[in-house]
Every structure is written in structure tokens, then in C-alpha cells.
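Here the structure is laid out as C-alpha cells; the discussion comes afterwards.
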Amino acid sequence: YHFLKLLISQHTATFTIIRFTLPYLSKQRWEEGKSSDGQKWTTLEHNGPLFPPEYEPLPNNVVFYYSGEAFKLGLASEEIATFYAKMLDHEYTTKEVFQKNFFNDWREEMTEDERKVIKKLSKCNFSELHAYFVNKAEEKKNMTKEEKQALKEDNAKLTEQYGFCFLDGHREKIGNFRVEPPGLFRGRGEHPKMGKLKKRIQPEDITINCSKGSRIPGPPQGHKWRKVQHDNTVTWLASWVENIQGHPKYIMLNPSSKLKGEKDWQKYETARNLKLRVDSIRRQYQSDWSSHEMRNRQRGVALYFIDKLALRAGNEKEDDTADTVGCCSLRVEHITLHKELDGKEWVVEFDFLGKDSIRYYNKVPVEKRVFKNLKLFMENKDPDDDLFDRINTSSDSSQMTVLLITSLSAEDMTVEEKILAYNRANRAVAILCNHQRAAPKTFEKSMQLLQEKIKKKKEQIELAKRELKEAKNAHRERPSDKSKNLVAKKEKVLKRLQEQLKKLQLQMTDKEENKVIALGTSKLNYLDPRITVAWCKKHKVPIEKIYNKTQRDKFAWAIDMTDEDFEF
DNA sequence: TAGAAGACTTGTATTTAACAGC
DNA sequence: GCTGTTAAATACAAGTCTTCTA
């Protein structure tokens, strides 16, 4: 769990981040009146998941070719072929691993006769299939307004029927009420299983969870559920096992639900409690740097990294997944020690792939004792050995914290400036947590557009200034009510233009600074929303300017309970 | 008690809806 | 009203941490 806090005092935006592991905390007696028997609900009723539509066979004029010859595929293998055909202009399909995995899985689903003929992916020609789907997408785009409206209404009906459940008597929104459709697995980074066939889920694969005595959802015609259970120690409504990694998947509630909201609240309360102990935890791990036990030294340094850099814990991973690491799973090859670098002493250079194969690159000056310890941990090891070989994320008291404070301030700000300040604080957190995104494809273009707008606005301002001057002169020469009004009017116009310019410039700054940073994750999962709500109230910033509809729903608990003098 | 299985949160990519500018 | 951009919503993979089981 990662936690952070956003403190925004008088005209000042300040974030404090706290990232730590829960076992350490849950052993403390901080539970906020949470039921100890693990009951998550008393009654639960729902309509089961919504299945994706059955496969629609291709029309006869859309032909698959093998070795240049038309080849009619059976329904099952045709469907799988369409998965690949749809992805043809995606980078994935150029990757060897993807192709290999796809082709292996595809062949497994083929009939004997198909398998006899289709032996090489390179001889397969999906282009007609691809074109067919491109065309279909185009047609969908060109549908009339009425058709689109009808489609929308159909969708709304389904959401109405399947998108809600009753939990303890309250009607709650479900997060993902659709069963995932079949397709090709798209792992992130260099995932060894990319391209494998994600099979169609049948009702017979699905476990339903609801309360005893509730109306049990009916399986689709001619089918039955794998199992119906009544376990109120878990929060999911339905589950199945996906065939790629063999992991369970769940249908759960939307973040706007009471159940999720209370859990979220509890999370931030835990963070709040941690704040009281951060100092002592820091003293502890610093003293561990000189421990005579190697295990303690490693733990002390690992904790320091997590505290200082907001690294993830770094659990052990299964094989057959992309090679990514977190703090505890760092290997010797992921860091380089520099006694001196860029005029700084005791610098550690990090370079590794973290969650979702996002690169973490950072050069960090550290305390001398940390540096010496790292050198010790690396002695007589190969590059692919674990840096922290004596600890793992479940070793005792894995206490991990992070605290960062960035301060941004200004006096007498407009709402726009306040929002920029907020976003900057938000951004400082995202940068620390390495929440990166690829620069949007249209970034340069839209930047240029903004640039032009600003130029235009400046020209307008020049013009307005001249006109104002003229009006003033005219008024001086021949004062009248009319001329006086004109001056006032021109002043007003100029002022408004100047405000608009400022707004545009702020917008541009924000955009530029946000180029490769994703704010969403930290806003949604790390910032205590109560701090944001209090800040909005205090500074008269409408909450809608900070949180969109979804976010307001998710943080309804915070919006309801927080007044302007809330302190984290 | 360690390793596997299970449950739940976090995070990026993709899809869809809303909006601005013509 | 149309079209291209941007923001919101959704999808689902990939983490973390808990609980079960041999």
C-alpha cells in the first residue's frame, strides 16, 4: 500500500507521501472499529455477470489465404484468426514472442485438417479479415445519430440490469460487471506470454457469490454455473480463473460504493496513524545501518530507499512474467555506485524496470553509511544476484515509509493559479512515485496550437490597448457621459483579454510540465481526498475543478465528512 | 511454516464521450 | 452540423498483501 498526504495550507500546496507495507501496521491495534471476524456484508444480491456476445462468423466474401490459396477456417479457428487480424497494425504483432505464442495456441485449437495445412504463420494472409474489421469500425463511426442513440439506449438497459447489486440493502454500482471477452493476451513489456489465446469464459467457469436466501442469478439458457457460494468474508460477486497465468479474476464493486469507500477511508486513517511513528521508524532503520547482523543492515537500507524514493516493496514474482523488480527484488546489476558524480558525493545510480515495465532511472546522493553498506552487499556477487539477499517483503516487521514535502506558494492567487499550484504539488508526487506516461502523440501539435492562441491573444491585447488610449484621448478632448462610458468599456475589454491570456499561459505551463507525467494514479490512490476537499473549501475552489464526476463519486465519503479545517 | 492460492489495490492503455472550433 | 482534440470511462494487467494448506 502506498499512502500520501496532501497538505495545502494558506496559499501553499504541500504534499507528504507515505508509502508502507500493511503487515507492519495491521499488527498494531489501530483498527478503527473494524469488525474482527472479517465479515464484509450481511446480504448480497445481484444478477450475475454479463457475457460478451457470441462469435459472429465472417461473411463468405471475406477470405483467409494460406500460401496464397483461399482457405475456409472452421468457426473456432476462424474466431482466433480474427483476434490476430484485428491487431495487425499494432506493434505487438511484429514481436517474435507474440507471433510464436499466438501461432502455437491457434494451432492447438485447430481441427486436424486445418493443422495439416496451416504450418507457418508467415504463410498466413489475414489482410482481408483486417480490412473487414477496419471497414466495420468505419461504418460504426458513420452511423446515423438515431442508430447511435439506439445503441446507447441498449447499452444503458444492460447497465441498468447487470451494473448494480444490492449489498446490505443498498443499491450499489458494480465496477466490472462484464465477463472479459476472449482475445490475445497483451502483457506489458517483454512478457513471455504475450500473444497467447485468452479463452472464452463459459458460465460453467464462473463461481457466483451472494447471500443465502437471496435470488440467485440465472445462468444463460442451457448453461449452469460452476458453483454458487455464500461467503460474506469476501467482497466479490463472481469469479473465474483466467487461462494465461491461472489467476482468479473477480467481479467487484465500483469505487463509489460504500464498501470500497470505507476501505479507502481506513487506508488514509492508517496513513495518518503512521505519521505519528515515522520519526521512530526512521531512527530505527538508521541505527540498523550499523547493525552487526547483515539481515538488519539490508533491511535498514531497503527501508531507507523506500522511504526516500517511494520504491515499491518488490515481492518475489513468478517465472513466465516480465522481468521487473521493486526494492527488495533489486539485483546488483540495477545499481551503480559512484563515490563522486556531478559534484556530489556517494551517489547511487538506479536503472531498472518497475511495475508495468516502466523504467526507473535516478541518480541519488545517499548517506555515506548507506553507500558503504551497498558496497558490502555487492561484494562477491554476480550482476544477476539479489542486492538484498537476506530479506524479502514478508520478513518480520518490514516497516516501510516515505515522506516527501514539496512546497509551492504564492500570494493572492486566482482560481486558475491555485489549480496550477495544486497540480504542481500533485505532479511532485507523481514524479517521486515514477508515474510516467508516454508523451501524447498529439502533444507537439496541441502545444503549437496553444502557442498560436497566446500569440493571437497578445495581438488582441495590443489592439485593445490602442483603442483604450484613443478612447481616453477622445474623452480628455471632449468629455461626455458617452466618452466616459466608452473608456470604461474599453478598460473592461482589455482587462478581460489580459485575464484570458494569463489563463492560457497557465494552461500551457501545466501542459508542458505534464508532458510525460501521469497525475491520475496519485490523485486516485495516494492523496487523502479529505485534504483536497478541505483545501477547496478553504480557498473557494469549486471541487469540480479538481475532481471530475467519477472522482467525486469515489471520494463521496471525503466530500461528505470534511470541513475546511480538516488536518491530516 | 514456507510456498501456493486467493483477494484486493494500483497503473497504464484503450475505448468512448464530450467538447471546441470551424 | 461536422470534425478533430481532449477528457472521462472502461478494461484488464500487474502489483501488494493475506490466507490457506501440505
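Note that the coordinates shown come from a computational prediction; the quantities given were computed from them, not determined experimentally. In what follows, every chain begins at residue 1, and chains take the letters A, B, ... in the order their sequences are listed.
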Counting side-chain heavy atoms from C-beta on, which of [options] comes nearest to [X]?
{"X": "A/I358", "options": "B/dC8, C/dC12, B/dT12", "answer": "B/dT12"}
{"X": "A/K263", "options": "B/dC8, B/dG11, C/dA13", "answer": "B/dC8"}
{"X": "A/T235", "options": "B/dG11, C/dG15, B/dC8", "answer": "B/dC8"}
{"X": "A/N315", "options": "C/dC17, B/dG11, C/dC12", "answer": "C/dC17"}
{"X": "A/V234", "options": "B/dA18, C/dC12, B/dA7", "answer": "B/dA7"}
{"X": "A/K152", "options": "C/dA14, B/dA18, C/dA13", "answer": "B/dA18"}
{"X": "A/N548", "options": "B/dT9, C/dA13, C/dA8", "answer": "C/dA8"}
{"X": "A/R178", "options": "C/dA11, C/dT16, C/dA8", "answer": "C/dA11"}

(request) For A/F98 and A/Y92, run ring-ring contact (aromatic ring centres under 6.0 Å, His included): C-alpha distance rounded to whole Å, both residues' side-chain angles, the deciding distance at 0.1 Å, then the answer. (result) CA-CA 7 Å; A/F98 190 93; A/Y92 269 118; 5.4 Å; yes

(message) Just so I know, are the side chains of A/Y268 and A/P529 near enough to count as touching, which here means a heavy-atom distance under 4.5 Å?
(response) yes

(request) Could I get the full list of side-chain contact (heavy atoms from CB on, under 4.5 Å) partners for A/V97, not counting sequence neighbours? (result) A/N101, A/M194

(message) Once side chain to side chain donor-acceptor pair (under 3.5 Å) is applied, what residue pairs with a partner in residues 320-330 of chain A remain, sequence neighbours excluded?
(response) A/K317-A/T324, A/D323-A/R331

(message) On DNA chain B, does the nearest nucleotide to A/Y250 precede the nearest nucleotide to A/K140 from the 5' side, or the other way round? Give the residue.
(response)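 By nearest-heavy-atom nucleotide position, the 5'-most residue is A/Y250.
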
(message) Assuming nearest nucleotide by heavy-atom distance, tell me which of A/Q436 and A/P248 is located more 5' along DNA chain B.
(response)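 Mapping each residue to its closest nucleotide by heavy atoms, the 5'-most match is A/P248.
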
(request) Could you pick out which residue, A/G326 or A/N254, lies toward the 5' side of DNA chain C when each is mapped onto its nearest nucleotide? (result)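 Mapping each residue to its closest nucleotide by heavy atoms, the 5'-most match is A/N254.
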
(message) Judged by each residue's nearest nucleotide on DNA chain C, which is more toward the 5′ side, A/Q551 or A/S357?
(response) A/Q551

Considering just the side-chain nitrogens and oxygens of [X], establish if one lies under 4.0 Å of OP1 or OP2 belonging to [N].
{"X": "A/Q245", "N": "C/dA14", "answer": "yes"}
{"X": "A/K554", "N": "B/dT9", "answer": "no"}
{"X": "A/K355", "N": "B/dT12", "answer": "no"}
{"X": "A/H90", "N": "B/dT14", "answer": "yes"}

(request) Please determine which of A/Y132, A/F133, A/W106 meets the ring-ring contact (aromatic ring centres under 6.0 Å, His included) test together with A/F126. (result) A/W106

(message) Quick check on contacts: within residues 181-193 of chain A, what sits under 4.0 Å from DNA chain B by heavy-atom distance?
(response)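 Contacts with DNA chain B under 4.0 Å: A/R186, A/R188.
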
(request) Classify the angle between the aromatic ring planes of A/Y547 and A/F555 as parallel (below 30°), tilted (30 to 60°) or perpendicular (above 60°). (result)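 It falls in the tilted class, 30° to 60°.
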
Measure from [atom1] on [X] to [atom2] on [N] and round the result to the nearest Å.
{"X": "A/W236", "N": "B/dT9", "atom1": "CH2", "atom2": "C1'", "value": "18 Å"}
{"X": "A/Q266", "N": "C/dT18", "atom1": "CD", "atom2": "P", "value": "12 Å"}
{"X": "A/M252", "N": "B/dG6", "atom1": "CE", "atom2": "C1'", "value": "10 Å"}
{"X": "A/E316", "N": "B/dA5", "atom1": "CD", "atom2": "P", "value": "15 Å"}

(message) Under a 3.5 Å cutoff, is there a donor and acceptor pairing between the side chains of A/S522 and A/N426?
(response) yes

